[in-house]
There are 2 protein chains.
Amino acid sequence: MSVQPIEWLGNKVRILDQTKLPQKEVYIETADYSVLASAIRKLQVRGAPAIGVAGAYGIALGALAIEAESKEEFLKKFQRVSRAIAGTRPTARNLFYAVERMDKVAQGGKNVAEIKAKLVKEAIKINKLEAEATVKMSKFGATLIKDGFTILTHCNAGPLATTGYGTALGVIIRAAEQGKKVKVYADETRPLLQGARLTVWELQKEGIPVTLITDNMAGYFLSQGKIDCVIVGADRIAANGDTANKIGTYSVAVLAKENGVPFYVAAPTTTIDPSLKTGKEIPIEQRKSEEVTHLRGVCIVPDCEVANPAFDVTPHKYISALITERGIIRKPLGVGINKIIGR
Amino acid sequence: MSVQPIEWLGNKVRILDQTKLPQKEVYIETADYSVLASAIRKLQVRGAPAIGVAGAYGIALGALAIEAESKEEFLKKFQRVSRAIAGTRPTARNLFYAVERMDKVAQGGKNVAEIKAKLVKEAIKINKLEAEATVKMSKFGATLIKDGFTILTHCNAGPLATTGYGTALGVIIRAAEQGKKVKVYADETRPLLQGARLTVWELQKEGIPVTLITDNMAGYFLSQGKIDCVIVGADRIAANGDTANKIGTYSVAVLAKENGVPFYVAAPTTTIDPSLKTGKEIPIEQRKSEEVTHLRGVCIVPDCEVANPAFDVTPHKYISALITERGIIRKPLGVGINKIIGR
């Protein structure tokens with residue numbers, strides 16, 4: 001992939017500022033974990049797998065900067081770093097997965113120097129695993145895509161969101177690489193336009209034909225028989241298959257079902273949270289109203305009360321299958337999830 | 001109503017430019033029917049009933065400016081005016097209803113002077129009838145609204161859209177005037193944000209609490225049990241009750257049904273087109289891509305292919321009832337429509 005949303009540069013991290021795309025390709029380089037935490041909060045780096053990787057690198061940066069005489073002192077200071085990263089955003093499972101892995105490594109090390117080295121290694125490993133997972137899932141997912149398919153996607157689940165091949169877009173890109181002629185309808189994805197800004201940009205780079213639509217047009221094109229399947233990413237998947245993803249995903253899923261169109265979720269198993277029985281337990285982030293009322297700094301509507309949930313939950317009954325790096329999980333999703341994550 | 005989207009000022013028409021709202025209240029005064037035709041095309045005046053009234057006034061202006069020695073010569077020139085107005089926008093039934101009434105008056109007059117006078121009178125009458133219809137339908141519709149209701153609406157169907165009380169918003173405003181405590185969720189309604197710009201502005205003027213959401217949040221709030229009913233306006237209603245309205249209406253209707261929430265359409269009988277058996281025959285306007293890619297003149301997305309259907313059709317099975325000035329039409333809508341329009 002030519003686009004690297006996040007890279008480890010020895011003792012620094014380089015992030016592509018996704019809030020500036022596609023107008024400008026601006027990079028942020030920092031050795032300060034609080035800058036990285038802020039970048040996650042501001043969506044300069046976003047997408048569940050990429051948030052997980054950014055979180056791991058953030059913790060590594062924070063750990064490297066800790067001055068401590070003993071492991072005990074280190075762990076006390078480390079906890080502050082770890083909590084700050086975990087507190088950036090509440091919904092994406094991959095962030096907590098990464099934090100838990102990093103915490104475990106910190107606890108297991110012998111001394112400060114060893115822990116620091118192991119944390120850096122672990123963060124790089126998490127990045128590698130997430131990237132590899134997207135490659136694997138793209139191969140499984142591409143088997144669901146037939147030549148000539150027109151695919152609807154919502155938000156952005158491409159290389160920018162994953163540090164790898166992309167989840168939903170990875171599947172589409174793989175199908176195109178296999179010589180299948182595919183077309184994409186991209187929901188613009190209000191309020192922050194990740195679909196219009198990022199998905200369109202990524203698909204254009206890949207040479208895949210894409211038509212931009214506003215979110216409220218998705219139902220129309222589904223009802224007109226223009227869409228062969230829907231593929232989206234995920235931020236957290238409960239044990240029964242209920243899936244949290246960008247606000248509006250639930251609506252697309254209901255409309256797909258109503259029109260007999262398959263609805264697929266592509267996500268690494270690190271997005272699955274088996275500790276949550278159903279999607280009702282997934283915390284939904286509420287973001288500030290300016291994201292709705294302002295666009296590129298300009299107020300577009302009257303001063304008014306705004307609701308801005310960043311995610312919604314699609315109940316498993318609307319999901320035709322989950323595409324993971326370990327294979328495709330068919331219905332009933334709960335049984336398949338239980339089997340594939342090996343509980 | 002304090003807001004007058006369109007007014008007849010003797011031999012001129014005054015239009016409130018709705019594309020500038022809510023930031024600026026700019027009025028356009030013109031005696032030139034082609035300026036009025038352009039205003040309809042550009043959505044400076046919009047909303048099916050208001051388009052009908054603007055069309056009638058446009059034809060009246062065009063007729064007044066015709067120089068003709070005979071009725072025959074007049075009618076030849078009049079046809080050009082009438083066709084120009086009819087060609088402005090394809091979906092709203094009220095426009096063609098107004099054009100047909102004006103054409104009939106022109107045909108029926110004795111001489112040029114009489115025809116001109118009668119056309120002005122007819123246009124004023126069409127305005128009066130449309131405004132009165134909204135008052136009547138608001139009373140019928142308010143019987144469906146209980147104290148404490150939270151109502152979702154899409155696009156703008158208020159005084160700005162109707163020259164009267166409003167269709168969907170008229171019902172809500174009437175319920176509030178009756179002392180019922182109501183709250184509204186307003187879909188912002190991309191691409192042109194009529195919900196955010198116009199509905200929020202109108203409801204704030206009426207002192208009715210309103211929460212702005214992006215279109216893709218409607219499903220989420222419906223699924224959370226936050227919405228007691230949905231009310232929208234209409235651009236054209238087929239004989240079986242299938243309803244064309246602003247793009248995204250179909251999606252809201254499907255999501256309302258999925259969540260057991262009543263979905264009402266408020267429209268005058270002039271929006272009903274009994275010549276069309278089903279909604280499949282309703283022409284859907286495709287508008288230019290800049291409406292999606294640009295906001296207030298600023299390009300917000302990469303240069304790409306865009307689809308921009310301005311309307312969609314909600315099949316009658318998703319509509320709980322139609323609210324008209326002649327009463328509420330219950331299911332089966334086709335039978336009720338046939339009865340109420342007296343065929």
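Keep in mind that what you see is a predicted model, and the values were worked out from it rather than measured.
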In sequence, state the C-alpha distance, the side-chain angles, and the governing distance for A:V254 and B:V254, and then conclude on side chain to side chain contact (heavy atoms under 4.5 Å, CB included).
CA-CA 8 Å; A:V254 169; B:V254 169; 4.0 Å; yes
Step by step, work out the side chain to side chain contact (heavy atoms under 4.5 Å, CB included) result for A:E258 and B:E258.
CA-CA 9 Å; A:E258 189 75 6; B:E258 190 74 6; 4.2 Å; yes
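Residues of residues 209-219 of chain B that come closer than 4.5 Å to chain A, counting heavy atoms only, are B:V210, B:T211, B:L212, B:I213, B:T214, B:D215, B:N216, B:M217, B:G219, ordered by residue number. Along residues 222-234 of chain B, the residues that come nearer than 4.5 angstrom to chain A, judged on non-hydrogen atoms, are B:S223 in order of number. Annotation: residues 277-294 of chain B contacts chain A through B:I284, B:Q286, B:V292 [non-hydrogen atoms, separation under 4.5 Å].
Options B:L21, B:V306, B:V313 differ in how many heavy-atom pairs under 4.5 Å they form with chain A, and the most are formed by B:V306. Note on B:A186, B:G248, B:P302, B:P315: by heavy-atom pairs under 4.5 Å with chain A, the leading option is B:P302.
Residue contact with chain B, scored on non-hydrogen atoms closer than 4.5 Å, involves the side chain of A:L193 exclusively. Residue A:P191 touches chain B through both its backbone and its side chain, counting heavy-atom pairs closer than 4.5 Å. In this structure, chain A has no heavy atom under 4.5 Å from any part of B:D187. A:I247 touches chain B through backbone and side chain together, each having a heavy atom under 4.5 Å away. Heavy-atom distances place the backbone of A:F311, and not its side chain, under 4.5 Å from chain B.
For the residue pair B:I300 and A:R197, the shortest heavy atom distance occurs at O-CG, 3.9 Å. Taking every heavy atom of both residues into account, B:Y220 and A:Y250 meet most closely at N-CD2, 4.1 Å.
Under the 4.5 Å side-chain criterion, counting only non-hydrogen atoms from C-beta, A:C304 is not in contact with B:W201.
With a 6.0 Å radius and a threshold of 12 heavy atoms from other residues, nucleotides or ligands, B:K181 has its NZ atom at or below the threshold.
Within the 3.5 Å criterion, the main-chain N or O of A:D303 finds a donor-acceptor partner in the side chain of B:Q204.
Residue pairs meeting the salt bridge (charged side-chain N to carboxylate O under 4.0 Å, His left out) criterion with at least one partner in residues 234-250 of chain A, sequence neighbours excluded, are A:R236-A:D273.
Distance check: B:R190 CZ to A:R190 CZ gives 6.5 Å after rounding to the nearest 0.5 Å.
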